[in-house]
2 protein chains.
Amino acid sequence: MIVPVNSSNSTKERILGAAESLFAQRGFDGASLRQLTSAAGVNLAAVNYHFGSKEKLVEQIFRRRLDALNNSRLEALALVAGKENTTIEDVLAAFIRPALDLSHDESGSLFMRVLARAFAEHDDTLRQFLSENYGHVMRQFTAEFARLLPQLSKQELYWRIDLVSGALTHAMSGFGMIQRKSDVSETVHREQTAQHLIRFAVAGMSHP
Amino acid sequence: MIVPVNSSNSTKERILGAAESLFAQRGFDGASLRQLTSAAGVNLAAVNYHFGSKEKLVEQIFRRRLDALNNSRLEALALVAGKENTTIEDVLAAFIRPALDLSHDESGSLFMRVLARAFAEHDDTLRQFLSENYGHVMRQFTAEFARLLPQLSKQELYWRIDLVSGALTHAMSGFGMIQRKSDVSETVHREQTAQHLIRFAVAGMSHP
DNA sequence: CATCGGTTCAAACGATCGTTTGAGGATACG
DNA sequence: CGTATCCTCAAACGATCGTTTGAACCGATG
């Protein structure tokens, strides 16, 4: 119980890595602990030993990534919030770019698929967990949008933010038909995605 | 082998009804045939007898709804496509409203959740099936958008349509935080959804 | 060396899954 | 009535699931 070191080759870390990948590919129910531990090169019982249960492992996966995403978004927002010359685009970029940056490393992009699946699965306890973690973030963004778009009612504002979130989730999880061309590097493709997404969102947020 | 009658109380129809509801609530893997047949009030073996397998039942569920949705969209598009005074809003309404109308009846709205889950599950055979059924529809809509937005490149057009689809999927499956207030009727709420969604999409599609 | 807490391991547990089976009911036709 | 054709039913099949168990291993401590 002494060691806080996250040796990246520990059994725990190997499980988390394999879990993120397999959950994204097959979903929480679809990925079995036997596939998972086999891919991680650890014993079947290791998951229950280190995490208590499969469900708690899922929760760990979410907490790890969502904490990072939330912090990045709030940091980016803090740089522009309340400033006089801040634009809608600045705020949207603070909201969107951390999500896209998260998908920079491979396991991060897998996580976005995990997240999209979790949304789709409509699990109530998971929704509540997300709401608790995301709630204050969304409130801060909403407040800043309200400052920049004073002509919009609260209802109208909620709607537009919600629709932007939908487009973002869709684009990030690779739902759509837009696939990266083989002659475009991953970095360039992500930047193009960000550009399209932000311009689309700016138009959707700020139309009369 | 004679009877094409779809008596709505037949074993087959009862299975399809219960399946749509249960798949939406628990997903394809999450809903077992025992839960399903129990809810439908039929014997466990009835699914395999009438549909061959669980997988073929899923396919039937999709075919039934997607055929109706595709036809509605194409009919609505045909009323405005190629006309001189057609607007972006007209085309978007032809795309969006049939989807919202589908969710008019209860089982229809459940189907939209089924569809959203299917997207999230990234199943390749299912994606191919959807692509085959949706392909020509999307192509016709894309062509009409291209006519009304000649200044956009093909790439740019694909991106915007994709993002609209994301927002639509998100809004329709009830992902978001926007919930119907108790003092607003279901009909009114759906009309409000349509209005918000279409105006948002018009702005996102036609911005410079 | 002996001991002990933390960790890994093979094996098994009970539950649940989709599917199959074979007997029996129901209805129509000769 | 006898037979043929759907259809329904209870029961069982093998597979796979998450979890538990108890022994074995291992490095640190006395």
Side-chain angles (χ1 to χ4, degrees), chain A residues 1-62 114 117-118 121 123 125-126, chain B residues 1-62 114 117-118 121 123-126 129:
Chain A
M1 204 36 133
I2 318 142
V3 50
V5 179
N6 265 348
S7 161
S8 69
N9 270 15
S10 71
T11 298
K12 247 180 136 165
E13 287 294 320
R14 285 224 301 283
I15 290 174
L16 285 169
E20 203 156 45
S21 168
L22 271 176
F23 284 153
Q25 291 171 38
R26 316 190 192 237
F28 300 120
D29 292 340
S32 74
L33 290 187
R34 284 169 179 82
Q35 296 170 342
L36 204 159
T37 51
S38 174
V42 304
N43 185 268
L44 167 63
V47 169
N48 284 279
Y49 177 77
H50 285 286
F51 297 92
S53 68
K54 185 183 183 180
E55 192 179 336
K56 289 181 182 172
L57 169 61
V58 171
E59 191 180 309
Q60 281 268 118
I61 295 268
F62 270 87
V114 173
R117 290 188 68 121
E121 282 175 16
D123 183 272
T125 69
L126 196 52
Chain B
M1 205 36 132
I2 317 142
V3 51
V5 177
N6 265 348
S7 160
S8 70
N9 269 14
S10 70
T11 297
K12 245 180 137 165
E13 287 295 320
R14 286 223 300 281
I15 290 175
L16 285 170
E20 202 156 46
S21 168
L22 272 176
F23 283 153
Q25 291 171 37
R26 315 189 193 236
F28 300 121
D29 291 342
S32 73
L33 290 186
R34 283 169 179 82
Q35 294 170 343
L36 204 159
T37 52
S38 174
V42 304
N43 185 268
L44 168 63
V47 169
N48 284 277
Y49 177 79
H50 285 285
F51 297 92
S53 68
K54 185 182 183 181
E55 192 179 336
K56 288 182 182 171
L57 169 62
V58 170
E59 191 181 309
Q60 281 268 117
I61 295 267
F62 271 86
V114 173
R117 290 188 69 120
E121 282 174 17
D123 183 273
D124 276 339
T125 68
L126 196 53
F129 169 75

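Here is the naming used below: chain letters follow the sequence lines, and residue numbers restart at 1 for every chain. Only a predicted model underlies this, so the values are computations on that prediction, with no experimental measurement involved.
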Student: I want to confirm an ordering. Mapping G52(A) and Q35(A) to their closest nucleotides on DNA chain D, which one lands closer to the 5' end?
Tutor: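 Its nucleotide being nearer the 5' end, the pick is Q35(A).
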Student: Take the protein atom CG of L44(A) and the nucleotide atom C1' of dT8(C), then report the distance between them rounded to whole Å.
Tutor: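 The distance from CG of L44(A) to C1' of dT8(C) comes to 12 Å, rounded to the nearest Å.
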Student: In terms of ring plane angle, is the pair F129(B) and F62(B) parallel, tilted or perpendicular, where the classes change at 30° and 60°?
Tutor: perpendicular
Student: Take atom CZ of R26(B) and atom P of dG18(C), then tell me their distance rounded to the nearest Å.
Tutor: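 Distance, rounded to whole Å: 12 Å.
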Student: Rounding to an integer number of Å, can you tell me how far N48(A) CG sits from dT19(D) C1'?
Tutor: 5 Å
Student: Send over the distance from D29(B) CG to dG18(D) P, rounded to a whole Å.
Tutor: 12 Å
Student: Respond yes when some side-chain nitrogen or oxygen of S32(A) is under 4.0 Å from OP1 or OP2 of dT16(D), and no when none is.
Tutor: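 So the side-chain polar atoms of S32(A) never come under 4.0 Å of the phosphate oxygens OP1 or OP2 of dT16(D).
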Student: Measure the CZ-CG distance between R26(B) and D29(A) for me, rounded to the nearest 0.5 Å.
Tutor: 11.5 Å
Student: Assuming nearest nucleotide by heavy-atom distance, tell me which of S53(B) and G41(A) is located more 5' along DNA chain C.
Tutor: G41(A)
Student: What's the NZ-C1' distance between K56(B) and dT19(C), to the nearest Å?
Tutor: 13 Å
Student: Expressed in angstrom and rounded to an integer, what is the separation of L33(A) atom CG from dC9(C) atom C1'?
Tutor: 16 Å
Student: With respect to the side chain of A45(B), which nucleotide from dC9(D), dA12(C), dG18(C) is positioned closest?
Tutor: dC9(D)
Student: Take the protein atom CZ of F28(A) and the nucleotide atom P of dG18(D), then report the distance between them rounded to whole Å.
Tutor: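 My rounded result for the distance is 13 Å.
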Student: Whether H50(A) contacts dT8(C) is assessed here as follows: a side-chain N or O lying under 4.0 Å from the phosphate OP1 or OP2. Is that the case?
Tutor: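 For H50(A), the contact criterion (side-chain N or O under 4.0 Å from OP1 or OP2 of dT8(C)) is met.
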Student: For A46(A), answer base if it contacts any base atom (sugar-phosphate contacts may also be present), sugar-phosphate if it contacts only those atoms, and nothing otherwise; contact means non-hydrogen atoms under 4.0 Å.
Tutor: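 Contact class for A46(A): none.
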Student: With a 3.5 Å cut-off and sequence neighbours excluded, list the donor-acceptor pairs that the side chains of residues 35-43 of chain A form with protein atoms.
Tutor:
from, atom 1, to, atom 2, distance (Å)
Q35(A), OE1, S32(A), N, 3.2
T37(A), OG1, L33(A), O, 2.7
T37(A), OG1, R34(A), O, 3.4
N43(A), OD1, A45(A), N, 2.9

Student: So, is N43(B) near the phosphate of dA10(D), with a side-chain N or O under 4.0 Å from OP1 or OP2?
Tutor: yes
Student: Please list all pairs passing the salt bridge (Lys or Arg N to Asp or Glu O under 4.0 Å) test where one or both residues lie in residues 46-62 of chain A, with sequence neighbours left out.
Tutor: E59(A)-R63(A)
Student: Look at the side chain of Y49(A) and decide which nucleotide, out of dT19(D), dG18(C), dT7(C), has an atom nearest to it.
Tutor: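 Side chain of Y49(A) sits closest to dT7(C).
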Student: Less than 4.5 Å apart, side chain to side chain, heavy atoms only: is that true for F51(A) and I61(A)?
Tutor: no
Student: Just how far, in rounded Å, is C1' of dC9(C) from CZ of R34(A)?
Tutor: 14 Å
